[in-house]
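Okay, structure first, notes after.
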Amino acid sequence: RQKYDNTNEPTGQKSNNRQPKIKTKIYENLIKVKSTTKIGTWNVQTLKDRPERIKELKEEMAKRKLDICGLAETHLLGKYIDEENNIIFSGDEKIHHRGVGIAMSKYAKSCLLSYECVNNRILTARFKSKFVNLTIIMCYAPTEDSNNDEKNAFYTQLQTILDKQSGYDMKLIIGDLNAKVGKDYKTWPNTLGKHGTGTMNNNGHRFVEICTANDFVIRGTIFEHKWIHKLSWYMPDPKNKIYKQNANQIDHITINRRWH
């Protein structure tokens, strides 16, 4: 076991020198009154052996003035924070698949209180804010074709993570949930708005259920937007054309109702 001794002398030797004062880190506030905090999510498909994608990510965040961007399918190994690029990664230890991340602006990084790399599908980060701290849970859910055991394991883990969070925090669940939530807002009035799209699938039902049980609102269904801005996944078309009927809304940003 590696032993850390802050006297900077060999362990077991005494020192008469006065210890230097340890400076307490001063955190900035991510969410403040009369300011806008922008948060997004992006399925990057892969960052493995693609350093130019990191550059592209940073340029897109700057262009759209994003403070935080959740990343899905990074395909990177390990659980660590890239201090140079201000990105937290949570991936598999052996296989380049799945993987999630949270990219931060330099200012957002200065507000980071803590983070937890749960597995290659879930990552959490907590940020200091003016009146209430912000917890972000970044997810990459199993696809619709995945077996029930894999889906059950994911949502059980997600519920465990939600149960651990502070009841006072503003909480967001973001990411690629592979969930078509549909537009049946009458059945789910506290979770869905009037502007959902498509027909709810199995993943969508599971996601809406966990949002309802934990009092979360799926924000992408609340406000009316052009479909090109709302739909995030497009079925491959042989003629490389994009049609509304070939697109789905499967990436989501949700917030606990208390702060809705």
Side-chain angles (χ1 to χ4, degrees), residues 39-48 57 68-82 86-104 108-109 112-127 133-167 169-181 191 202-220 232-233 250-256:
I39 299 172
T41 179
W42 189 5
N43 186 318
V44 294
Q45 297 185 338
T46 187
L47 295 178
K48 177 181 177 290
L57 168 65
I68 294 171
C69 185
L71 310 175
E73 287 198 272
T74 60
H75 296 171
L76 296 179
L77 298 180
K79 301 173 180 179
Y80 63 97
I81 183 167
D82 181 343
N86 299 326
I87 307 175
I88 308 168
F89 290 112
S90 183
D92 199 89
E93 295 298 331
K94 298 180 179 179
I95 304 174
H96 290 280
H97 72 154
R98 303 174 187 168
V100 289
I102 293 179
M104 303 163 284
K109 173 65 167 54
L112 180 65
L113 293 172
S114 62
Y115 66 91
E116 180 183 4
C117 300
V118 180
N119 53 35
N120 57 17
R121 289 195 181 278
I122 302 176
L123 164 66
T124 71
R126 192 168 187 241
F127 297 88
N133 292 330
L134 171 67
T135 294
I136 293 179
I137 303 172
M138 172 61 202
C139 301
Y140 173 51
T143 62
E144 180 69 6
D145 295 332
S146 300
N147 61 59
N148 285 332
D149 289 342
E150 188 174 1
K151 293 181 182 182
N152 291 339
F154 171 78
Y155 280 103
T156 298
Q157 182 71 72
L158 179 56
Q159 185 59 61
T160 300
I161 295 301
L162 287 168
D163 291 340
K164 290 169 55 178
Q165 307 309 314
S166 169
D169 281 12
M170 179 186 296
K171 293 183 280 289
L172 301 181
I173 301 173
I174 70 174
D176 184 352
L177 280 303
N178 283 302
K180 302 178 188 178
V181 298
T191 304
N202 179 263
N203 275 354
H205 190 271
R206 290 171 181 266
F207 184 54
V208 169
E209 276 191 331
I210 200 169
C211 287
T212 302
N214 293 277
D215 210 21
F216 275 74
V217 179
I218 301 176
R219 294 286 294 176
S232 56
W233 182 85
I250 61 174
D251 300 84
H252 300 282
I253 293 180
T254 72
I255 186 171
N256 50 330

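Remark: side-chain polar atoms of Asp92 are not paired, donor with acceptor, to backbone N or O of His97 under 3.5 angstrom. Checking side-chain atoms of Thr156 against main-chain N and O of Ala153 turns up no donor-acceptor pair under 3.5 Å. In terms of modelled atom types and a separation under 3.5 Å, the side chain of Thr124 and the main chain of Ile137 share no donor-acceptor contact. In this structure a side-chain-to-backbone donor-acceptor pair under 3.5 Å is present from Asn119 to Arg121. Side chain of Asn147 to backbone of Asp149: a donor-acceptor contact under 3.5 angstrom is found. At distances below 3.5 Å, at least one donor-acceptor pair connects side-chain atoms of His96 with backbone N or O atoms of His75.
Expressed to the nearest 0.5 Å, how far CZ of Phe89 lies from CG of Leu47 amounts to 5.5 Å. Note: Thr74 OG1 to Leu123 CG = 9.5 Å, rounded to the nearest 0.5 Å. Going from atom CG of Asn148 over to atom CG of Asn202 covers 6.5 Å, rounded to the nearest 0.5 Å.
For the 3.5 Å distance criterion, the side chains of Thr41 and Asp251 fail to qualify, holding no donor opposite an acceptor. Asn203 and Asn178 form no side-chain donor-acceptor contact under 3.5 Å, judged by distance and modelled atom types alone.
Across Lys79, Arg126, Lys164, a single residue satisfies side-chain hydrogen bond (donor to acceptor under 3.5 Å, both in side chains) together with Glu116, and that is Lys164.
Using a 4.5 Å heavy-atom threshold, the side chains of Asn214 and Lys171 count as separate. In this structure, Leu77 and Lys48 have side chains that are not in contact, with every pair of non-hydrogen atoms separated by 4.5 Å or more. No side-chain heavy atom of His252 sits under 4.5 Å from any side-chain heavy atom of Ile173. The closest side-chain heavy-atom distance from Val100 to Ile122 is not below 4.5 Å. Proximity of Tyr115 to Ser90: side-chain heavy atoms (C-beta onward) are nowhere separated by under 4.5 Å. By the 4.5 Å heavy-atom criterion applied to side chains, Leu112 and Ile81 are counted as neighbours. Side-chain contact between Thr160 and Val118 is absent, with no heavy atoms from C-beta onward closer than 4.5 Å. Considering only heavy atoms from C-beta on, Ile88 comes within 4.5 Å of Met104 through its side chain.
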Begin from the C-alpha positions of Cys139 and Leu158 and carry the test side-chain contact (heavy atoms from CB on, under 4.5 Å) through to its verdict.
CA-CA 9 Å; Cys139 301; Leu158 179 56; 3.9 Å; yes
Given side-chain contact (heavy atoms from CB on, under 4.5 Å), test Met170 with Asn256 step by step and report yes or no.
CA-CA 7 Å; Met170 179 186 296; Asn256 50 330; 4.2 Å; yes
Chi angles and distances behind the side-chain contact (heavy atoms from CB on, under 4.5 Å) call for Thr212, Glu209
CA-CA 5 Å; Thr212 302; Glu209 276 191 331; 5.8 Å; no
Please assess Gln157 against Ile161 for the test side-chain contact (heavy atoms from CB on, under 4.5 Å), listing each intermediate value before the final yes or no.
CA-CA 6 Å; Gln157 182 71 72; Ile161 295 301; 3.9 Å; yes
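Between Arg98 and Glu150 there is a salt bridge, with a side-chain nitrogen of the basic residue lying less than 4.0 Å from a carboxylate oxygen of the acidic one.
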